[in-house]
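Working notes for the structure below.
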Amino acid sequence: MAVKFSQFNVASSVSEIDYLVGYKSTDNIQIPVGLVGSNTTYTVATAQAGSNETLTLTGSDSSTDVITFTAGNDITLTDDGAGNGFTIASTASGDTYTLGATTDGSNVDLNLDAAAGSDTTVQLTAGTGMTITQSGGNNVTFASAAGVTMTTSPAATGNGSTATYPLGATPTDENYTMAYISGVYQLKSSYTVSGSNITFDTNVPNGASIEIITTT
């Protein structure tokens with residue numbers, strides 16, 4: 001079998017080549033260039049599979065690959081119905097707490113009453129030269145020989161449209177406060193203090209209890 005070699009210009013294209021030739025010793029084989037130069041392209045489609053979602057890659061060479069997305073706890077996967085995508089939604093929700101204070105001898109207990117989970121109690125223990133007094137429901141006062149006083153803000157509940165609420169005392173700045181919304185401690189970077197008022201970065205959710213302890 002005769003093999004013909006042709007010379008190509010630098011700018012020549014694959015379309016100018018009919019065969020590729022492979023050699024081993026004195027043997028050779030002709031390979032049609034069409035078997036070497038073709039690329040496989042893929043199309044993507046999605047479909048609902050019960051509570052799960054499948055993503056199918058179909059190649060131009062008729063090959064298919066399937067990826068299955070599995071819905072976990074509190075997660076739903078919903079196809080768009082046209083095979084072009086799907087939505088991931090979560091129904092998970094956290095517990096809510098009501099904060100209360102009760103006198104426990106010379107100490108005061110902060111009671112976190114969970115709506116669904118377990119309740120928690122944090123005890124504020126009076127140390128040397130320190131007295132802790134609970135009065136008027138959730139008001140807690142700290143007193144010491146140094147004259148440090150911690151005052152709880154008036155009872156308040158969020159309405160979803162208000163971010164500013166009164167404090168029980170006038171602190172130097174937000175570093176002298178501890179804020180709780182539905183029993184969850186709020187970072188000081190999430191609110192500011194001006195005079196005897198506190199302003200949260202976002203409106204407090206409707207029905208959420210608000211309590212701020214101020215040190216003066």
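Predicted, not measured: the structure shown is a model, and the values here were computed from it.
- In summary, the side chains of Ser194 and Asn197 do not present any donor paired with an acceptor at a separation below 3.5 Å, with no hydrogens or angles considered.
- Taking CZ of Phe142 as the start and OG1 of Thr149 as the end, the distance is 10.5 Å to the nearest 0.5 Å.
- Taking CG from Leu124 and CG from Asp109, the interatomic distance works out to 8.0 Å, rounded to the nearest 0.5 Å.
- Between the side chain of Asp173 and the backbone N or O of Asn175 there is at least one donor-acceptor pair closer than 3.5 Å.
- Val66 is listed as a side-chain neighbour of Thr68, based on a closest heavy-atom distance under 4.5 Å.
- In this structure, the side chains of Thr56 and Asp65 stay at 4.5 Å or more apart for every pair of heavy atoms.
- When all heavy atoms are compared, the tightest approach of Ala114 to Ser118 is CB-O, 3.4 Å.
- Thr141 is not listed as a side-chain neighbour of Met150, based on a closest heavy-atom distance of 4.5 Å or more.
- Distance alone, capped at 3.5 Å, places no donor-acceptor pair between the Asn111 side chain and the Asp113 backbone.
- Taken from CD in Glu53 to OG1 in Thr76, the straight-line distance is 11.0 Å, to the nearest 0.5 Å.
- Listed here is the closest heavy atom pair of Thr54 and Ala49: CG2-CB, 3.8 Å.
- No continuous path of ILVMFWY side-chain contacts below 4.5 Å connects Ile213 to Val184, so the two sit in separate hydrophobic clusters.
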- Message: Walk me through whether Thr216 and Thr170 qualify under side chain to side chain contact (heavy atoms under 4.5 Å, CB included).
- Response: CA-CA 7 Å; Thr216 55; Thr170 302; 5.8 Å; no
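- In this structure, the side chain of Thr162 does not engage the main chain of Asn159 through any donor-acceptor pair within 3.5 Å.
- With contacts defined as side-chain heavy-atom distances shorter than 4.5 Å, the pair Pro171/Val193 qualifies.
- Minimum heavy-atom separation, Tyr97 to Ser209: O-OG, 3.9 Å.
- Both Val108 and Leu99 are members of a single hydrophobic cluster when ILVMFWY side chains are connected at heavy-atom separations under 4.5 Å.
- Using a 4.5 Å heavy-atom threshold, the side chains of Ile75 and Ile88 count as touching.
- Side chain to side chain, Gln123 and Asp104 meet the donor-acceptor criterion of an N or O pair below 3.5 Å.
- Counting only distance, with no hydrogens or angles, the side chain of Gln48 and the backbone of Asn52 share a donor-acceptor pair below 3.5 Å.
- Side-chain atoms of Thr64 and Leu57, non-hydrogen and from C-beta on, never get closer than 4.5 Å to each other.
- No side-chain donor-acceptor contact under 3.5 Å links Asn84 and Thr46.
- The cluster map of Ile, Leu, Val, Met, Phe, Trp and Tyr, joined by side-chain heavy atoms under 4.5 Å apart, puts Leu110 and Tyr185 in the same cluster.
- Within 6.0 Å of CZ on Phe200 lie more than 12 heavy atoms contributed by other residues, nucleotides or ligands.
- Note that CD of Gln134 is 9.0 Å distant from OG1 of Thr152, once rounded to the nearest 0.5 Å.
- The environment of CG in Asp74 is crowded: more than 12 heavy-atom neighbours from other residues, nucleotides or ligands sit within 6.0 Å.
- Rounded to the nearest 0.5 Å, atoms CD (Glu211) and CG (Asn138) are 5.0 Å apart.
- Of all heavy-atom pairs spanning Gly158 and Tyr165, the tightest one is CA-OH, 3.5 Å.
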- Task: Assess whether side chain to side chain contact (heavy atoms under 4.5 Å, CB included) is satisfied between Thr87 and Leu77, documenting all intermediate values.
- Result: CA-CA 6 Å; Thr87 301; Leu77 306 176; over 6 Å; no
- Query: For Val140 and Ile132, what are the C-alpha separation, side-chain angles and deciding distance, and is it a side chain to side chain contact (heavy atoms under 4.5 Å, CB included)?
  - Reply: CA-CA 7 Å; Val140 180; Ile132 306 174; 3.7 Å; yes
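- Hydrophobic clustering keeps Ile198 apart from Tyr180 (ILVMFWY residues linked when any side-chain heavy atoms are closer than 4.5 Å, directly or through intermediates).
- Checking each of Thr177, Thr164, Thr202 against Tyr191 for a side chain to side chain donor-acceptor pair (under 3.5 Å) leaves exactly one that passes, namely Thr177.
- Of all heavy-atom pairs spanning Ser51 and Ala71, the tightest one is O-CB, 3.3 Å.
- Here the closest non-hydrogen pair linking Pro154 and Gly168 is CD-N, 3.9 Å.
- Ring geometry, Phe69 versus Phe86: the interplanar angle falls from 30° to 60°, so the pair is classed tilted.
- The closest side-chain heavy-atom distance from Leu55 to Val44 is below 4.5 Å.
- Here the straight-line distance linking atom OG1 of Thr151 with atom CG of Asn139 works out to 8.0 Å at 0.5 Å rounding.
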